Number of protein chains: 2
Amino acid sequence: MATGRTHRPATRSRGIPEATVARLPLYLRALTALSERSVPTVSSEELAAAAGVNSAKLRKDFSYLGSYGTRGVGYDVEYLVYQISRELGLTQDWPVVIVGIGNLGAALANYGGFASRGFRVAALIDADPAMAGKPVAGIPVQHSDDLEKIIQDNGVSIGVIATPAGAAQAVCERLVAAGVTSILNFAPTVLSVPDGVDVRKVDLSIELQILAFHEQRKAGEGAAASDGGVPTAAARNESADQGPDGDMPAVMPA
Amino acid sequence: MATGRTHRPATRSRGIPEATVARLPLYLRALTALSERSVPTVSSEELAAAAGVNSAKLRKDFSYLGSYGTRGVGYDVEYLVYQISRELGLTQDWPVVIVGIGNLGAALANYGGFASRGFRVAALIDADPAMAGKPVAGIPVQHSDDLEKIIQDNGVSIGVIATPAGAAQAVCERLVAAGVTSILNFAPTVLSVPDGVDVRKVDLSIELQILAFHEQRKAGEGAAASDGGVPTAAARNESADQGPDGDMPAVMPA
DNA sequence: GCCTGTGAAATGATTCACAGCC
DNA sequence: GGCTGTGAATCATTTCACAGGC
């Protein structure tokens, strides 16, 4: 779901469906684990289980990449790791900048999985002059005045935004103007970008809200096939919400 | 994408499509912003723009909730805020525990958007005895020995896992056994859970890999109708770069 | 016999386009 | 005249089921 503006038509060349692309990293992770255990081959059934999908979907996904399996046998683990890595563009090095080194930005900078697969944190950028020079995850934070130069000097095309919501759009525009064409946005705001720039967003509170929806539904259907023994959470505070933040309007139309 | 096992059929009652549910928080955020600016009504077109979707989709989404708009006029902002909040289950208070108070866990604990909408961080849990008692975001960290008791005492049904990958499945099992039925997983691993438990995952490295895929594709299609002026990032470190379709594997299949 | 690769069918999501109402 | 609500059409994704190769 690359959002922003009108989302690249995706039609070009032999298109791999977006849904498939989104699963490739999952397969890759499972395969890497197998590779580390020196497992030579794996069946679609086994690999699907390890990746948390069903085998028909996995085979269909792989069929978009080519015929990399062997009938009656399965897939060669190393070979597949290579093919998927190449398809995802992980055989090259992607310098990434993280903008906004608060709690979350620091967590991202420290996140190991980041560096592990072709991604390299090229720079950390923050607007607070007091942060400048301070090392986070071994990398000195640079001031946002120098954002454009940092992007260009490092040939960065992927930027991560971990600023407060209010700053995100402005940061986004500077990143794009400086040459960034892919953005991972952690700020809880909709970014608008020109055509040709991809944005993906990660929003914690959205994920929680989706869970709450399903959770509520489970509770609401109370009678229905009560869970196999798991006691549903005890009394829950029925208040009309709003939490410590004092964020909600509290107005309630009839 | 509620993963895990066979993913609740969603059949029951008047089902709202999963894709719609995933967008409701987006609409809610946009509406809340309008509400704060005391905007009384909004058209599908305006709201859609604010939420980053198109208006037909928004109207279709809302049609699953009921007929809350007025033809010729638009939607009443406060009323919609309330209806969507209710549909998402945000009119009640959801106590949440965060397990794994490393960099990421601490960032989550401090994340304001968390508390802002019906969610309340009821407890922070970590396996490191040295952490016990230390306050993070004003909440003392508790030791994981007490996990079950904490879940039960607080009536928690939503858990957030921010542990290292290796610990995630075990933590998940303890959470589920103690009564948690919705899990937000930040650990880069596939959790398996019994039926009736929802899992959503957030994986930074997966998001980056998806961006890299598209990024590579942009670069590969170089000649194609170069973007409307945005200068593509300068020299990129090419390590193994094959052109599109370069097919020389490092390891040959058996 | 086992397991992949893939057409065909089924399901789900998005977009179109317009009737109906204010 | 403007804007919602929604069937119908289109497009995307998943699942089925089996032919084909090892």
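Every chain is numbered from 1, with letters handed out A, B, ... down the list of sequences. Because the structure is a prediction, the values reported are computed rather than measured.
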Can you tell me how far C1' of C:dC16 sits from CG of B:L58, to the nearest Å? 16 Å
Any side-chain to backbone donor/acceptor pair from A:Q209 onto A:S205? Under 3.5 Å, distance only. yes
Donor on one side chain, acceptor on other, A:D198 and A:S182, under 3.5 Å: no
Looking only at the side chain of B:Y64 (C-beta and beyond, no hydrogens), which of the listed nucleotides D:dC16, D:dT6, C:dT14 gets closest? C:dT14
If you compare every side-chain N and O of B:R59 against the phosphate oxygens of D:dG7 (OP1, OP2), does one of them come in below 4.0 Å? no
Does CD in B:Q169 sit with more than 12 non-hydrogen atoms of other residues, nucleotides or ligands closer than 6.0 Å? yes
I'd like to know if the side chain of B:T32 pairs up with that of B:E36 as donor and acceptor (distance under 3.5 Å, no hydrogens or angles considered). no
Just the rounded figure in Å: distance from P of D:dT14 to CD1 of A:I16. 14 Å
Which nucleotide in D:dC22, D:dT15, D:dG2 has an atom nearest any side-chain atom of A:R71: D:dC22
Gap between atoms OH and C1', on B:Y27 and D:dT4 respectively (whole Å): 14 Å
Heavy atoms from C-beta onward define the side chain here; which of D:dT15, C:dA13, D:dG5 lies closest to that of A:K60? D:dT15
Nearest-nucleotide check on DNA chain D, A:D61 vs B:A56; residue mapping nearer the 5' end is B:A56
With sugar-phosphate meaning primed atoms plus P, OP1 and OP2, does A:Y75 contact a base, only sugar-phosphate, or nothing at under 4.0 Å between heavy atoms? sugar-phosphate
Quickly work out the B:E45 CD to D:dG1 P distance and round it to whole Å. 19 Å
Quick one: A:E18 CD to D:dT13 P, roughly how many Å, whole number? 8 Å
Hey, which sits more toward the 5' end of DNA chain D by its nearest nucleotide, A:G72 or A:P17? A:P17
Could you tell me how far apart B:E46 (CD) and D:dT4 (C1') are, to the nearest whole angstrom? 14 Å
B:N54 vs C:dT14: side-chain N/O to OP1/OP2 distance below 4.0 Å: no
Is the phosphate of D:dT4, meaning OP1 or OP2, less than 4.0 Å from a side-chain N or O of B:S44? yes
Compare side-chain N and O positions of A:K57 against OP1 and OP2 of D:dT15 and report whether any pair is under 4.0 Å apart. yes
Tell me the interatomic distance from B:Y68, atom OH, to C:dC21, atom P, rounded to whole angstroms. 20 Å
Hey, are B:E87 and B:Q83 close enough side-chain-wise for a donor-acceptor pair under 3.5 Å? no
With the side chain defined as heavy atoms from C-beta on, B:R23 is closest, among C:dA13, C:dT14, C:dG5, to C:dT14
Could you state the CZ-P distance from B:F62 to C:dT14, rounded to the nearest angstrom? 14 Å
